[in-house]
Amino acid sequence: VSSVTTSDRFADANAGEDGRLLRRVAEGDADALGMLYDRYGRVVFGILYQMLGSPEVAEEVAQDAFHAVWRRAGTYRAERGSVRVWLLAIARNAAIDWRRTKGKRLGREAAIDEAAALVEETAVEDRVMTNLGAERVRAAVAALPPEQRDVLALAFWSGLSQSEIAVRTSVPLGTVKTRVRLGMAKLRERLVGSGLA
Amino acid sequence: MTVHPIDDLAAYALGALEPDEARAVGTHLDTCERCTADVRAYSDTAWTIAESRARDVPPGLRDAIVARARGDARAVHSASVSRRILALLGRPVPLAASLALAVLLVVATTGYVAAQRDAAR
């Protein structure tokens, strides 16, 4: 699935700046954390809102996520992936942790199903980012076979593991794995074809 | 022959593996450039999907994040200063310092006694 595109080269330039900022964060520079937030705060807040279904909760968890970045900046390994992907994983883990602790206590488990549904049902006017790129991503997701789209939604927005998806959907684990792999490969192909990834 | 965890690479990039499965894939990635490249590609796809959901952030969120980090940094600095002071206090006094202090005491006492004597005259 690997390939080099023009957007990859731009990504490399961004990755260099991200790496410099993260090194400063690791050295205890809170201003650098603010700059990292300026670059990625909108994406982090957007996915947390998508996963948790509430702006107030997304705000609380975004604070936790960036604090985790502050504390764990020294553990980042560049050879494993870009800073932004690392940041995305931290944010998603913070959302999953919130659901398993506070969310459960507050009876917000239903948000899992709501969040999964949002992959297809979020109205365009409800979203801040309505540019062409976002629409192309949306179209690429919509074009997937429903069974692949559903497992990706459960993994991405609901934060479920493949094993949990298999139990929840009563589909064999092997089938879930194949759907996740094929779905992601098709998305990759289409997004690269559109110059988006 | 090396077995590549092809079926788990996309799930690894999505964070959709159980912890033990993720550890096993992580160990494999340490020595396999091909699978690492695939994970990076899948991760970039995941990022593109996330990016398409970007939203305007609530006012005050940035300040709250930076203030919390600064608070942490101050707490760490204070703890470090306290540790250094405690370490200094707990350190055994070197012989030279003890001798200097003793000499100082002798000089001061001698001076005081001489001054008292002069005053009595």
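In what follows, every heavy atom counts, from backbone to side chain, and hydrogens, waters and symmetry copies are set aside. Lettering follows sequence order; numbering is per chain, from 1.
Across A:Asn93, A:Asp38, A:Thr178, the residue that shares the most heavy-atom pairs under 4.5 angstrom with chain B is A:Asp38. Chain A forms the most heavy-atom pairs under 4.5 Å with one residue out of B:Ala10, B:Ala67, B:Gly60, B:Ala16, and that residue is B:Ala16. Highest contact tally toward chain B, considering only A:Asp64, A:Val151, A:Val69, is held by A:Asp64 [criterion: heavy-atom pairs under 4.5 Å]. Per-residue heavy-atom pair counts under 4.5 Å with chain A were compared for B:Gly15, B:Ala22, B:Pro58, and the maximum is reached by B:Pro58. Among A:Val176, A:Asp31, A:Val44, the residue making the largest number of heavy-atom pairs under 4.5 Å with chain B is A:Asp31. Most heavy-atom pairs under 4.5 Å with chain B: of the set A:His67, A:Gln63, A:Lys177, this distinction falls to A:His67. Residue with the most contacts toward chain A among B:Ala50, B:Ala13, B:Ser43: B:Ala50 (heavy-atom pairs, distance under 4.5 Å). Contact count versus chain A (heavy atoms, under 4.5 Å) is highest, among B:Leu17, B:Leu14, B:Val66, B:Ile6, for B:Leu14.
Both the backbone and the side chain of B:Arg68 come within less than 4.5 Å of a heavy atom in chain A. Looking at A:Asp29, neither its backbone nor its side chain comes within 4.5 Å of chain B, counting heavy atoms on both sides. Residue B:Asp30 touches chain A through both its backbone and its side chain, counting heavy-atom pairs closer than 4.5 Å. Neither the backbone nor the side chain of B:Leu9 comes within less than 4.5 Å of any heavy atom in chain A. Looking at A:Val180, the atoms closer than 4.5 Å to chain B (heavy atoms on both sides) sit in the backbone and in the side chain alike. Contacts of A:Leu182 with chain B are absent, with no heavy-atom separation under 4.5 Å from either backbone or side chain. Both the backbone and the side chain of A:Ala62 come within contact range of chain B, judged by heavy atoms closer than 4.5 Å.
The two residues A:Ala58 and A:Leu52 make their nearest non-hydrogen contact at CA-CD1, 4.3 Å. A pairwise comparison of heavy atoms in A:Ile165 and A:Leu160 identifies CG1-CB, 3.8 Å as the closest pair. Heavy-atom minimum distance, A:Lys186 versus A:Leu144: CB-CD2, 3.7 Å. Shortest non-hydrogen contact noted between A:Ala142 and A:Arg149 is O-NH1, 2.9 Å.
A donor-acceptor pair is defined here as one N or O able to donate and one able to accept, closer than 3.5 Å; such a pair exists between the side chain of A:Arg99 and the backbone of A:Met51.
Here A:Tyr40 and B:Trp47 bring their ring centres to under 6.0 angstrom of each other.
If you take CG on B:Leu61 and CD on A:Glu60, they are separated by 11.5 Å, rounding to the nearest 0.5 Å.
Under the side chain to side chain donor-acceptor pair (under 3.5 Å) criterion, B:Thr36 pairs with no residue, sequence neighbours left out. Under the salt bridge (charged side-chain N to carboxylate O under 4.0 Å, His left out) criterion, B:Glu33 pairs with no residue, sequence neighbours left out.
Under the 4.5 Å side-chain heavy-atom criterion for Ile, Leu, Val, Met, Phe, Trp and Tyr, A:Ile96 and A:Leu48 are members of the same hydrophobic cluster.
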